[in-house]
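So the structure is just underneath, and the comments pick up after that.
Protein chains get the first letters and strands the later ones, always in sequence-line order, with residue 1 at the start of each.
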Amino acid sequence: MASRPEFCITTAIPYANGKPHIGHAYERIATDAIARFQRLDGRDVFFITGMDEHGLKMQQTAGKEGITPQLLADRTAAQFDEMGTLLNARADHVIRTTEPRHYEASRAIWEAMEKRGDIYLAKYSGWYSVREEAYFDEGEIATGADGARLSPNGTPVEWVEEESYFFRLSAYAERLLAHYEANPQFVTPAHYFNEIKAFVHRGLQDLSISRTTFNWGVPVPGNDKHVMYVWVDALTNYITACGYPDTTARDWHYWPADAHVIGKDITRFHSIFWPAFLMSAGIEIPKQIVVHGFLFNRGEKMSKSVGNVISPETLASHYGVDQLRYFFLREVPFGHDGNYSHEAIVNRTNADLANDLGNLAQRSLSMINKNCEGRAPVPGDLTAADREILDAAYALPAKTREAMKEFALHQMLADIWKVVADANRYFAGEEPWAKRKTDFARMGTILWTTAEVIRVVAIMAQPVIPASAEKLLDLVGVAADARKFANATSASAITGGSVLPTPVPVFPRYVETEQVNGEGPKPKSA
RNA sequence: GGCGGGGUAGCUCAGUUGGUUAGAGCACGGGAAUCAUAAUCCUGGGGUCGGGGGUUCGAAUCCCUCCCCCGCUACCA
């Protein structure tokens with residue numbers, strides 16, 4: 001059915017009880033960049049995101065605001081939708097867990113697990129802290145001075161027994177380990193995979209997968225007193241999006257997903273619970289769990305009490321969408337935690353985008369515009385220097401594919417910008433402005449070579465800075481249908497004599513506005 | 001406590017079959033050029049490679065020990 005290789009990628013689905021923050025923006029941008037990369041590389045890409053809208057917290061947050069959980073979910077979903085548009089990172093498909101089709105999918109996977117014999121009804125019991133809304137193990141409980149039982153955080157706990165459905169997770173430890181063994185890249189980076197393996201090696205207990213203390217969730221089939229544990233419901237979104245349980249659905253062929261992009265805090269849910277559920281239900285397991293780190297504001301977690309909360313919209317509007325995308329993906333080694341600050345963003349985007357790439361384009365295209373009647377020069381014989389820089393550019397598709405195998409977006413950008421830096425050295429070394437007077441034809445060859453390098457670089461940079469790359473490609477006269485990675489070769493090179501538009505700067509420099517204390521306007525605390 | 005990761009230039013980091021004067025980018029100093037978004041190019045300074053001990057002709061790289069930081073150690077998501 002599919003004529004092209006497929007690539008299905010997802011973000012985690014944000015919990016809908018709060019508006020988007022930097023972490024959500026980062027994950028969406030990174031996933032979008034990967035999706036765009038694969039699409040430009042010729043794959044049939046299905047990019048899924050969604051919203052996790054059930055659970056106690058939703059019910060509580062809505063209650064505090066005096067609205068229904070559904071209304072809260074609708075409001076938050078709209079905010080995330082706007083974020084996707086703003087960041088130029090819209091997904092192909094958005095799945096919300098309150099949709100009827102998702103109820104159907106959740107019931108179906110539950111029934112499949114039940115049919116397998118992996119779900120049973122029992123009592124969940126333990127020491128429960130009402131204040132912390134959490135259970136604690138016997139070993140964690142301390143006895144206070146008055147003999148009262150206390151949680152590790154000092155809050156009173158009481159013995160609670162609750163009827164609950166359990167998933168026979170304990171039966172899956174060995175199958176999971178076998179799967180890890182057979183798929184050494186299942187969780188990446190390896191650091192997180194090791195922790196998961198260690199966790200499973202210690203043995204798995206059965207998992208409580210229903211709740212009776214609230215009702216904002218998917219009812220358990222055949223027992224309305226229970227709603228499904230929010231993770232059963234949430235993880236299932238990925239297959240709902242592909243049409244489950246209808247395996248003849250239009251998009252079912254995209255499953256299993258090639259990559260679930262997630263934050264490091266939810267690695268366990270995606271690497272242990274989710275594969276176990278799928279094994280039980282007889283559904284294929286996603287190929288890779290791709291874990292990213294957290295972003296910190298000057299090393300500190302963003303929080304209201306610290307007063308360093310900044311919205312993605314603020315950053316995007318202040319520095320530019322592509323600038324923000326570039327900064328996040330270039331500055332933070334993917335899979336690691338990272339930091340952002342006003343200085344770091346300005347430094348990075350000015351240096352790489354405005355100075356290196358933007359200025360290279362402007363200086364070369366301006367010369368073409370002024371000296372070649374606005375037409376791409378016809379190159380003469382290429383010198384060794386010309387060939388060297390061109391070959392470096394033409395090597396980028398293969399090189400960046402290697403980086404993308406490891407989801408090393410930062411490495412991909414480093415590879416591309418190495419060519420940009422070399423192109424600046426090439427340009428300065430060849431001095432086309434001097435050749436203009438001594439060897440006009442040679443000047444044309446230098447300018448053509450530089451424009452050709454810019455063409456290839458712009459094609460390769462599209463996943464990260466889509467809007468800006470599009471402008472650059474317009475400036476070097478590339479047709480809309482010639483912007484795939486397959487076009488990043490000499491076969492699609494700029495045709496000498498073709499008309500080019502008047503160049504305009506693509507990346508504005510960020511200039512600090514002078515103030516008494518030397519600090520310009522900037523997003524609060526950035 | 002257990003398991004794992006890490007401490008290398010002002011900043012972010014690269015650097016393991018041990019080997020010539022320890023590297024990159026950014027930041028900083030000097031110079032060149034003037035096509036260009038005061039952008040670019042060249043060049044320089046700067047590091048007891050966490051502390052100590054050991055193996056070796058030779059260690060950031062191997063061994064021992066000590067100090068410090070971080071992650072995981074299940075049902076809030």
Which part of the nucleic acid does A:Tyr229 contact within heavy-atom distance under 4.0 Å: base, sugar-phosphate only, or nothing? sugar-phosphate
Any idea which of B:rG25, B:rA77, B:rA74 is nearest the A:Arg348 side chain? B:rG25
Expressed as a whole number of Å, how far does the C1' atom of B:rU48 sit from that of B:rA38? 40 Å
Name the closest nucleotide to the A:Asp265 side chain, picking from B:rC76, B:rA36, B:rA77. B:rA77
Measuring only the C1' atom in each nucleotide, how far is B:rG2 from B:rG46? A whole number of Å is fine. 42 Å
Across every strand shown, the nucleotide meeting Watson-Crick or G-U wobble geometry with B:rG23 (both distances under 3.5 Å) is B:rC13
Centres of the A:His292 and A:Phe328 rings: under 6.0 Å? no
What is the nucleic acid contact for A:Pro505, judged by heavy atoms within less than 4.0 Å: base, sugar-phosphate only, or nothing? base
Sequence neighbours left out, what passes salt bridge (Lys or Arg N to Asp or Glu O under 4.0 Å) with A:Asp74? Give chain and number order. A:Arg96
Picking from A:Tyr120, A:Tyr172, A:Trp274, what satisfies ring pair (Phe, Tyr, Trp, His ring centres under 6.0 Å) with A:Phe167? A:Tyr172
Distances for protein N or O near nucleotides 2-11 of chain B N or O, under 3.5 Å:
none

Taking NZ, NE, NH1 and NH2 as the nitrogens, is one of them in A:Asp422 or A:Arg425 under 4.0 Å from a carboxylate oxygen of the other? yes
Pairwise C1' distance, B:rA27 and B:rG10 [rounded to whole Å]: 7 Å
For B:rC3, what is the paired nucleotide under Watson-Crick or G-U wobble rules, both distances under 3.5 Å? B:rG71
Using atom names, set out every protein N or O paired with an N or O of nucleotides 40-44 of chain B below 3.5 Å, distance rounded to 0.1 Å.
unit_1: B:rU40; atom_1: O2'; unit_2: A:Arg363; atom_2: NH1; d: 3.2

Any salt bridge (charged side-chain N to carboxylate O under 4.0 Å, His left out) pairs touching residues 432-442 of chain A, not counting sequence neighbours? A:Asp386-A:Arg442, A:Glu430-A:Arg442
Taking atom P in both B:rC13 and B:rU56, what distance in whole Å separates the two? 37 Å
Looking only at side-chain atoms of A:Met367, point me to the closest of B:rU37, B:rC35, B:rC75. B:rC35
Considering only the C1' atoms, how many Å lie between B:rG71 and B:rG25, rounded to the nearest integer? 27 Å
Touch check for A:Leu365, heavy atoms < 4.0 angstrom, all strands: base, sugar-phosphate only, or nothing? nothing
Which nucleotide in B:rA36, B:rA27, B:rA77 has an atom nearest any side-chain atom of A:Tyr15: B:rA77
With the side chain defined as heavy atoms from C-beta on, A:Leu207 is closest, among B:rA39, B:rA77, B:rC75, to B:rC75
Pairwise C1' distance for B:rC70 and B:rC75, with rounding to whole Å: 25 Å
Restricting to salt bridge (Lys or Arg N to Asp or Glu O under 4.0 Å), what partner residues turn up for A:Arg202, sequence neighbours left out? none
Using the C1' atoms only, state how far B:rC41 lies from B:rU34, rounded to an integer number of Å. 11 Å
Rounding to an integer number of angstrom, what distance separates B:rG29 and B:rU55 when you compare their C1' atoms? 43 Å
Between A:Lys264 and A:Lys437, whichever has its closest RNA chain B nucleotide further toward 5' is A:Lys437
Validate the cation-pi geometry between A:Lys405 and A:Phe407: distance from NZ or CZ to the six-membered ring centre under 6.0 Å, angle to the ring axis within 45°. no
Which pairs, with at least one residue in residues 322-340 of chain A and sequence neighbours excluded, count as a salt bridge (charged side-chain N to carboxylate O under 4.0 Å, His left out)? A:Asp32-A:Arg325, A:Lys264-A:Asp337, A:Glu331-A:Arg348
Between A:Pro508 and A:Leu169, whichever has its closest RNA chain B nucleotide further toward 5' is A:Pro508
Any strand, both distances under 3.5 Å, Watson-Crick or G-U wobble: B:rA33 pairs with none
Approximate separation, where rounding is to 0.5 Å, of A:Asp52 CG and A:Leu235 CG: 9.0 Å
Is a donor on one side and an acceptor on the other found under 3.5 Å between the side chain of A:Asp206 and the backbone of A:Leu169? yes
What contact category does A:Val230 fall into here, base, sugar-phosphate, or nothing, at under 4.0 angstrom with non-hydrogen atoms? sugar-phosphate
Considering only heavy side-chain atoms of A:Phe269, the closest of B:rU37, B:rA77, B:rC75 is B:rA77
